[in-house]
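Owing to the predicted nature of the structure, the values given are computational and were not obtained by experimental measurement. Both backbone and side-chain heavy atoms feed into the values below; hydrogens, waters and symmetry mates do not.
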Amino acid sequence: MGKGGQSCNGVVRDAKPVEQENMAVWLVDVNTIKILPFKLPAIGPNDVRIRIKAVGICGSDIHYLKTMKCGDFQVKDPMVIGHECAGIVDKVGSKVKHLVPGDRVAVEPGISCAHCQQCKGGRYNLCFDMKFFATPPVHGSLANQIVHPADLCFKLPENVSLEEGAMCEPLSVGVHPFRRANVGPETTVLIVGAGPIGLVSVLAARAFGAPRIVIVDMDDRRLAMAKSLGPDGTVKVSTKMEDLDDELAKIKEAMGSEVDVTFDCVGFNKTMSTGLNATRPGGKVCLVGMGHGVTTVPLTPAAAREVDVVGVFAYKNTWPLCLEFLRSGKIDVKPLITHRFGFTEKEVEEAFATSARGGNAIKVMFTL
């Protein structure tokens, strides 16, 4: 089980409240979520107890809600959902020195084992024993309170709100690929997909100093939102492979030069083909989105041009940088928070329905 609470079959229905009973949003079946009691473990010496104040809805939460599955993970027992969160420290363990009650913190949701080869090598995001909020059988963070390791809780600067703190998680998904690709002031960037991760990638591209940024998508509303974030060009594309050559010409025109690095934030055959064909010889294509488990893409021509395909999974050591970007104003995530809901069963249902519909909903946020 994770630090957040009991294993997924530990729904507490008849517990008597001690002070105020801790409540959480439980995914109990397909399209069925309930606010139920959530019993927390005792605080260890290196843990903190946090009063959660802001939680964002992620695409993975929607997958679990609609199918009880996301990738290879399947919800078999009731599970507390949510992982993009921030809150206020309520209690600290005996060995915690850098936090005190009352501190506002952004929470990194994954607990690695710290002992495997990947963890010891500094790539803890690849840990096979990762315990991640709202990934079966580990509970999530859409609750009044959680318990979490203190070293995964990062104090918010005074000018960064709790909602912005919760946005550090999706922002990290955008920041990590830019580190992997070594983006800098001489790197032109193409972003494929204007969903939430594509949009934070636009913000990250500018923060990393990319001189030219172009983003493509098939949806006019998403492109309009992307355009408001300040890329140098937007290109509308289709799902049809036969349109690829014309779209590549439009991308080249919008960029005004060659594409050094492409970030595929979708993960379909067409989007990967776009990235591999649009990127210059010797450039990089970062696979950020994972739309399909199996894809068919033109690797041979890409290999002949020595285009590097860079795998990207989650993030590592990104919270301090994300918070500095937010503190300094290099990144402003506030425009991405399009909807807010409270912590009642009716509002929770409305929030997930809003997020699932998409449309003009970019980031749906709970305020507790």
Side-chain angles (χ1 to χ4, degrees), residues 4-5 8 11-13 20-38 50-70 73 75 77-88 106-107 109 133-136 138-146 161-171 173 194-200 217 219-222 224-226 228 333-368:
C8 288
V11 182
V12 181
R13 301 181 186 276
Q20 185 176 357
E21 193 167 30
N22 189 42
M23 306 297 287
V25 175
W26 292 78
L27 174 61
V28 297
D29 207 341
V30 173
N31 291 324
T32 306
I33 46 182
K34 300 288 183 183
I35 296 180
L36 298 167
F38 180 36
I50 303 166
R51 286 180 282 125
I52 295 297
K53 293 297 181 182
V55 182
I57 296 179
C58 176
S60 63
D61 298 323
I62 300 300
H63 280 295
Y64 284 126
L65 176 65
K66 295 297 182 183
T67 67
M68 302 292 278
K69 296 179 181 179
C70 186
F73 295 97
V75 180
D77 297 297
M79 179 184 77
V80 176
I81 204 164
H83 63 267
E84 303 175 359
C85 62
I88 300 173
V107 180
F133 281 155
T135 302
V138 180
H139 285 310
S141 59
L142 186 44
N144 296 134
Q145 295 183 333
I146 64 168
S161 70
L162 286 159
E163 285 188 344
E164 291 172 283
M167 288 293 291
C168 280
E169 200 280 339
L171 182 56
V173 179
I197 300 307
L199 296 177
V200 297
D217 199 276
D219 187 278
D220 287 323
R221 287 175 296 185
R222 298 282 183 172
M225 170 60 79
S228 72
V333 293
K334 293 189 290 294
L336 302 184
I337 305 173
T338 54
H339 296 75
R340 293 173 174 85
F341 292 87
F343 193 64
T344 66
E345 207 155 276
K346 181 180 179 181
E347 287 182 283
V348 167
E349 290 176 356
E350 290 178 355
F352 277 96
T354 299
S355 183
R357 280 195 300 269
N360 67 339
I362 303 301
K363 181 56 61 179
V364 176
M365 185 75 67
F366 291 103
T367 55
L368 282 69

Can I get a per-line list of side-chain donor-acceptor pairs under 3.5 Å for residues 53-60, giving both atom names and the distance, sequence neighbours left out?
none

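- Using a 4.5 Å cut-off on side-chain heavy atoms (C-beta onward), D61 and H83 make contact.
- Checking side-chain atoms of N144 against main-chain N and O of M23 turns up a donor-acceptor pair under 3.5 Å.
- Side-chain contact between V80 and V25: absent, with no pair of heavy atoms (C-beta onward) separated by less than 4.5 Å.
- Under the 4.5 Å side-chain criterion, counting only non-hydrogen atoms from C-beta, M167 is in contact with I337.
- Taking every heavy atom of both residues into account, K66 and A356 meet most closely at CE-CB, 3.9 Å.
- The side-chain hydrogen bond (donor to acceptor under 3.5 Å, both in side chains) test applied to R221 returns no partner, not counting sequence neighbours.
- At a threshold of 4.5 Å between non-hydrogen side-chain atoms, the residues I52 and I146 count as touching.
- Remark: aromatic rings of F133 and H139 are distant, center separation not under 6.0 Å.
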For a side chain to side chain contact (heavy atoms under 4.5 Å, CB included) check, start with the C-alpha distance between H63 and M68, then their side-chain angles and the critical distance, and finish with the verdict. CA-CA 7 Å; H63 280 295; M68 302 292 278; over 6 Å; no
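- Residue L65 holds its CG atom at 9.5 Å from OG of S355, rounded to the nearest 0.5 Å.
- By the 4.5 Å heavy-atom criterion applied to side chains, I88 and I50 are not counted as neighbours.
- Side chain of D29 to backbone of T32: no donor-acceptor contact under 3.5 angstrom is found.
- Looking at every heavy atom in both residues, G165 comes nearest to A86 through C-CB, 3.9 Å.
- The CZ atom of F341 sits 11.0 Å away from atom CZ of F352, with the distance rounded to the nearest 0.5 Å.
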For side chain to side chain contact (heavy atoms under 4.5 Å, CB included), just list the numbers for L336 and V200, CA-CA rounded to whole Å, side-chain angles, deciding distance to a tenth of an Å, and then say yes or no. CA-CA 8 Å; L336 302 184; V200 297; 3.5 Å; yes
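- Within the 4.5 Å cutoff, side-chain heavy atoms of L27 are placed close to those of V75.
- In this structure, the side chains of C85 and F366 stay at 4.5 Å or more apart for every pair of heavy atoms.
- Shown here for Y64 and P136, the closest heavy-atom pair between the two residues is OH-CD, 3.3 Å.
- Atom CG of L162 is separated from atom CZ of R51 by 10.0 Å, given to the nearest 0.5 angstrom.
- Salt bridge status for R340 with E163: present, with a side-chain N to carboxylate O gap under 4.0 Å.
- Taking both residues in full, the closest heavy atoms of I362 and M225 are given as CG1-CE, 4.0 Å, listed atom of the first, atom of the second, then distance.
- Within the 4.5 Å cutoff, no side-chain heavy atoms of M365 are placed close to those of H339.
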Show every donor-acceptor pair shorter than 3.5 Å between a side-chain atom in residues 342-351 and any protein atom, with sequence neighbours excluded, or say none if there are none.
from	atom 1	to	atom 2	distance (Å)
T344	OG1	E347	N	3.2
T344	OG1	E347	OE1	3.1
E345	OE1	I35	N	2.9
E347	OE2	G342	N	2.9

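- The one candidate from E164, E169, E84 that meets the salt bridge (Lys or Arg N to Asp or Glu O under 4.0 Å) condition with K363 is E84.
- A distance-only check finds no donor-acceptor pair linking the side chain of W26 to the backbone of F38 [under 3.5 Å].
- Once rounded to the nearest 0.5 Å, the distance linking CG of L36 with CG of N22 reads 11.5 Å.
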